[in-house]
Visitor: 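Once you've had a glance at the structure underneath, I'll fire off some questions.
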Amino acid sequence: MTKVEWQPEKLNIRRMLLGDLDEVMRVEHRSFTAPWSRQAFVGELVENRLARYIVAEYDGRIAGYAGLWMIMDEGHVTNIAVDPDFRGLKLGEKLLRTLMSMCMASGGRKMTLEVRVSNEIARNLYEKYGFERVGIRKGYYTDNQEDAIIMWADLPPKLASEGEVSL
Ligand SMILES: CC(C)(COP(=O)(O)OP(=O)(O)OC[C@H]1O[C@@H](n2cnc3c(N)ncnc32)[C@H](O)[C@@H]1OP(=O)(O)O)[C@@H](O)C(=O)NCCC(=O)NCCS
């Protein structure tokens, strides 16, 4: 159930900055049972040359974020989260589409990710965008030994109604 009166013109998807991390951590803790540490995000933003992170900023507030590692022609999705107050508003979809566009803009032709077996909502999102299950990592999640489903998608030449972006 969203608590936001949605006005699309107030949404801005842009690169994540260190100054976003207070709010990113708030969303991270509201979204995951085993949240990343702040230091992990700092490392991604400052040291990891393969990493690209974006935020969905709504009216000055961080409503969601997502990350990608570009490894050769493969985009590896590291995380995607939407603040519970903003769920069901297609923000997860917009973030994923933006990652796909960024991957294509960097010469990527396929993308991969891991998702908890129990995370039906995220699996639905990924399947909607052509991700297919190719395998399982047994006990991948250390907090509850849950299995991860490994998914891959071949990227289309262009996403419908969107150009390629490099944020
Ligand atoms: C997964 C997540 C990012 C989806 O974000 P969202 O903005 O609420 O999702 P969207 O509104 O963009 O919905 C896109 C698609 O996701 C799926 N989906 C979203 N909410 C759903 C729900 N309540 N039940 C089933 N499927 C759902 C649907 O396929 C939907 O497309 P549709 O509306 O055409 O059916 C969000 O639920 C979240 O942050 N979850 C916690 C963190 C997490 O699990 N991240 C993924 C880690 S792998």
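Keep in mind it's a predicted model, so treat the numbers as computed, not measured. When a residue number appears, it is its place in the shown sequence, counting from 1. Atoms within each ligand, like the ligands themselves, are counted from 1 in listed order.
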Visitor: Could you walk me through whether Leu11 and Trp6 pass side chain to side chain contact (heavy atoms under 4.5 Å, CB included), step by step?
Guide: CA-CA 9 Å; Leu11 179 69; Trp6 185 247; 4.1 Å; yes

Visitor: Show the atoms of ligand 1 that are less than 4.0 angstrom away from any heavy atom in Glu93.
Guide: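 What qualifies from ligand 1 is 12 (O), 14 (C), 31 (O).
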
Visitor: Which residue supplies the protein heavy atom nearest to atom 29 (O) of ligand 1, what is that atom called, and how far is it?
Guide: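 Sorting protein heavy atoms by distance from atom 29 (O) of ligand 1 puts Asn124 CB, 3.4 Å first.
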
Visitor: Checking side-chain polar atoms at under 3.5 Å, does Glu93 have a donor or acceptor matched by the opposite partner on Tyr129?
Guide: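 The criterion, which ignores hydrogens and geometry beyond distance, is satisfied for Tyr129 and Glu93.
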
Visitor: For atom 3 (C) of ligand 1, which protein heavy atom lies nearest, and how many Å away is it?
Guide: Val82 CG2, 4.0 Å

Visitor: Backbone or side chain, does any N or O of Ser31 fall under 3.5 Å from an N or O of ligand 1?
Guide: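 No: no nitrogen or oxygen of Ser31 is under 3.5 Å from one in ligand 1.
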
Visitor: Could you walk me through whether Gln7 and Tyr58 pass the side chain to side chain contact (heavy atoms under 4.5 Å, CB included) test, one step at a time?
Guide: CA-CA 9 Å; Gln7 294 176 267; Tyr58 183 82; 3.5 Å; yes

Visitor: What do you reckon, does Glu114 put a non-hydrogen atom under 4.0 Å from ligand 1?
Guide: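 For ligand 1, residue contact (heavy atoms, under 4.0 Å) with Glu114 is present.
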
Visitor: Does atom CD of Gln145 have more than 12 heavy-atom neighbours from other groups under 6.0 Å away?
Guide: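 Result for CD/Gln145: enclosed.
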
Visitor: Tell me which part of Asn119 gets within contact of ligand 1: side chain, backbone, both or neither, using heavy atoms under 4.0 Å.
Guide: side chain

Visitor: Are Trp36 and Phe41 near enough that their ring centres are under 6.0 Å apart?
Guide: yes

Visitor: Looking at non-hydrogen atoms alone, which of Met151, Arg87, Lys90 comes nearest to atom 36 (C) of ligand 1?
Guide: Arg87

